[in-house]
Amino acid sequence: MENAKKIIDKVSDEVKDIFDTEFEFPKTETVPNVDDTDLTYANGETKKGKEISTCVLFVDIRNSVALNQESYTKTMGRIYTSFTKSVLRAAAHCGGYVRNIIGDRVMVVFPVENCFQNAVDCAITINHIVQYVINPKVKGHDFSCGIGVDYGTMRCIKVGVEKHGTENSDNKNLVWIGRPANMASRLCDNANKEVQLFKVLHVVYEPKFSLAQPQSLFGNLERKEKTETLTAEQITEIILRSGYGSILSVEKDGKPEKRNPILLSKDVYDGFKKACPNYNSVKEGMWKRDTRSIRDVTFPVYGADLHWKLD
């Protein structure tokens with residue numbers, strides 16, 4: 001490529017500037033946007049982001065690959081357009097701000113005030129629209145989505161380059177850093193999906209202590225066989241950690257069970273219960289603890305399949 005050195009030198013200078021200057025993250029209670037003048041990425045100055053403690057919601061279409069394979073382009077265009085527009089409408093109605101659209105996945109961030117109520121209201125609204133408005137229009141398919149919501153502190157930075165004209169908006173974006181964005185996305189990935197449990201016999205090595213012959217913790221291990229009920233993800237983790245030989249037998253444990261279409265982290269569930277004690281879903285205990293494991297999720301998860309009762 002001609003003039004490769006020119007572009008490599010330019011990028012090198014920009015990367016050096018990014019690593020050599022400081023970043024600041026003042027707190028905010030409103031949701032930043034890409035045109036926020038308080039967010040910067042100019043060279044040679046302190047980079048300014050923002051920090052917000054609030055709820056974030058992710059939603060995407062279930063089995064979108066299968067839909068693409070089975071549906072005509074015109075039908076898929078209608079599905080994606082209806083789905084995205086519906087999520088945008090629901091987010092705005094519930095006080096949220098859409099901050100990312102990637103294919104069939106949408107990210108919504110809520111201002112701090114009333115974030116628990118607004119985020120859960122938004123999740124229920126999207127679930128209702130998908131099941132009762134869009135799905136009946138999608139002939140021959142069971143159209144559905146998964147929704148995940150988490151709460152916590154996120155930092156937001158602006159990335160990209162300034163360009164003039166119509167390309168400007170396509171060359172900059174916001175990046176959200178922090179657990180809530182990652183965990184809401186993880187919950188979204190698992191919501192409304194079938195979970196098959198397996199009865200697994202596998203090898204574990206446990207410390208064997210002996211007062212007569214003391215050894216280091218890692219130098220005296222006893223091989224044991226252990227039976228557990230696990231998901232496919234958990235079996236994969238064992239294989240990656242210990243190898244295929246550690247799995248002695250695997251058999252299905254019952255029929256697959258589908259997770260609820262809305263999954264909340266414990267922080268969101270607790271915040272919502274406190275903010276909305278008179279909601280029927282709270283008073284009648286409609287939110288159920290989901291005890292099946294989700295990779296990287298170490299906190300309790302609560303799920304429900306809720307809709308609005310329209311007059």
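Since the structure is predicted, the reported quantities are computational estimates derived from the model, not experimental observations. All residue numbers refer to positions in the sequence shown, counting from 1.
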query = Hey, mind stepping through Ser185 and Arg105 against side-chain hydrogen bond (donor to acceptor under 3.5 Å, both in side chains) and telling me if it holds?
reply = CA-CA 9 Å; Ser185 178; Arg105 176 173 293 243; 2.7 Å; yes

request  = Might you work through the side chain to side chain contact (heavy atoms under 4.5 Å, CB included) test for Lys47 and Ile157, ending with a clear yes or no?
outcome  = CA-CA 8 Å; Lys47 309 301 185 290; Ile157 58 173; over 6 Å; no

inquiry  = For Ile52 and Lys27: C-alpha separation, side-chain torsions, deciding distance, then whether side chain to side chain contact (heavy atoms under 4.5 Å, CB included) applies.
reply    = CA-CA 6 Å; Ile52 185 170; Lys27 293 183 179 180; over 6 Å; no

Residues Thr46, Thr21; criterion side chain to side chain contact (heavy atoms under 4.5 Å, CB included); working and verdict = CA-CA 6 Å; Thr46 298; Thr21 55; 5.9 Å; no

ask   = Going through the distances and angles, do Glu257 and Asp290 end up as a side chain to side chain contact (heavy atoms under 4.5 Å, CB included)?
value = CA-CA 11 Å; Glu257 299 177 1; Asp290 190 327; over 6 Å; no

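Using a 4.5 Å heavy-atom threshold, the side chains of Val130 and Arg62 count as separate. Side-chain contact between Cys145 and Asp60 is absent, with no heavy-atom pair separated by less than 4.5 Å. By the 4.5 Å heavy-atom criterion applied to side chains, Arg186 and Arg295 are counted as neighbours. At least one side-chain heavy atom of Met107 sits under 4.5 Å from a side-chain heavy atom of Trp176. Between Val120 and Leu264, some side-chain heavy-atom pair lies under the 4.5 Å cut-off. Taking 4.5 Å as the limit, some side-chain heavy atom of Met154 sits within range of a side-chain heavy atom of Thr54. Ile147 places none of its side-chain heavy atoms less than 4.5 Å from the side chain of Phe58. No side-chain heavy atom of Tyr97 sits less than 4.5 Å from a side-chain heavy atom of Asn33.
Nearest heavy atom pair, residue Gly146 against residue Cys188, reads O-SG, 3.4 Å. Residues Val149 and Ala119 approach most closely at CG1-CB, 3.9 Å, considering heavy atoms. For the residue pair Val56 and Pro180, the shortest heavy atom distance occurs at CG1-O, 3.3 Å. Residues Ser86 and Ile134 share a closest heavy-atom pair of OG-CD1, 3.8 Å. When every heavy atom of Pro111 is checked against every heavy atom of Val31, the shortest pair comes out as N-CG2, 3.5 Å. In plain terms, the two heavy atoms of Arg292 and Arg259 that are nearest each other are O-NH2, 2.8 Å.
Cluster annotation: Phe23 and Ile177 are assigned to the same hydrophobic cluster (Ile/Leu/Val/Met/Phe/Trp/Tyr, side-chain heavy-atom contacts under 4.5 Å, transitive). In this structure, Leu174 is not a member of the same hydrophobic cluster as Ile102, with clusters built from ILVMFWY side-chain heavy atoms closer than 4.5 Å. Transitive grouping of hydrophobic side chains (ILVMFWY, heavy atoms separated by less than 4.5 Å) brings Val133 and Ile126 into a common cluster.
Considering only residues two or more places apart in sequence or on other chains, Phe198 meets the ring pair (Phe, Tyr, Trp, His ring centres under 6.0 Å) condition with none of them. Every residue meeting the side chain to side chain contact (heavy atoms under 4.5 Å, CB included) condition with Ile239, not counting sequence neighbours, appears here in chain and number order: Ile235, Tyr244, Ile247. Applying the side-chain hydrogen bond (donor to acceptor under 3.5 Å, both in side chains) criterion to His93, with sequence neighbours excluded, gives no partner residue. For Lys266, the side chain to side chain contact (heavy atoms under 4.5 Å, CB included) partners two or more places apart in sequence, or in a different chain, are Asp270, Pro300, Tyr302. Applying the side chain to side chain contact (heavy atoms under 4.5 Å, CB included) rule to Thr227 yields the partners Lys199, Leu201; only residues at least two apart in sequence or on another chain are considered. Partners of Glu51 under the salt bridge (charged side-chain N to carboxylate O under 4.0 Å, His left out) rule, at least two apart in sequence or in another chain, are Arg155. In terms of the side-chain hydrogen bond (donor to acceptor under 3.5 Å, both in side chains) criterion, residue partners of Ser281 (sequence neighbours excluded) are, by chain and number, Trp287. For Lys50, the side chain to side chain contact (heavy atoms under 4.5 Å, CB included) partners two or more places apart in sequence, or in a different chain, are Thr28, Pro32, Asp36, Asp38, Leu39.
Glu194 CD: more than 12 foreign heavy atoms inside a 6.0 Å radius.
Taking Ile, Leu, Val, Met, Phe, Trp and Tyr as hydrophobic and joining them when side-chain heavy atoms fall under 4.5 Å apart, one finds Val297 in a cluster with Met183, Leu187, Leu263, Ile294, Phe299, Val301.
Within the structure, ring-ring contact (aromatic ring centres under 6.0 Å, His included) contacts touching residues 109-131 (residues at least two apart or in different chains) are Phe116-Tyr151, His128-Tyr132. Within the structure, the side chain to side chain donor-acceptor pair (under 3.5 Å) test picks out the following pairs touching residues 108-118 (sequence neighbours left out): Gln117-Tyr279. Sorted by first then second residue, the salt bridge (charged side-chain N to carboxylate O under 4.0 Å, His left out) pairs that include residues 122-137, not counting sequence neighbours, number zero.
If you take CG on Asp296 and CG on Asn182, they are separated by 9.0 Å, rounding to the nearest 0.5 Å. For the atom pair Lys255 NZ and Leu197 CG, the distance stands at 14.5 Å (nearest 0.5 Å). Considering OG of Ser246 and NZ of Lys226, their distance stands at 12.5 Å, rounded to 0.5 Å. Distance check: Asn192 CG to Asn260 CG gives 8.0 Å after rounding to the nearest 0.5 Å. The CZ atom of Phe143 sits 8.0 Å away from the OG atom of Ser82 when rounded to the nearest 0.5 Å. Separating the OG atom in Ser144 from the CD1 atom in Ile61 is a distance of 9.0 Å, to the nearest 0.5 Å.
No donor-acceptor contact under 3.5 angstrom links the side chains of Arg89 and Thr125, judged on distance only. For the residue pair Glu225/His202, the side-chain donor-acceptor check at 3.5 Å is not satisfied. The closest side-chain donor-acceptor pair between Asp305 and Asn127 falls under 3.5 angstrom.
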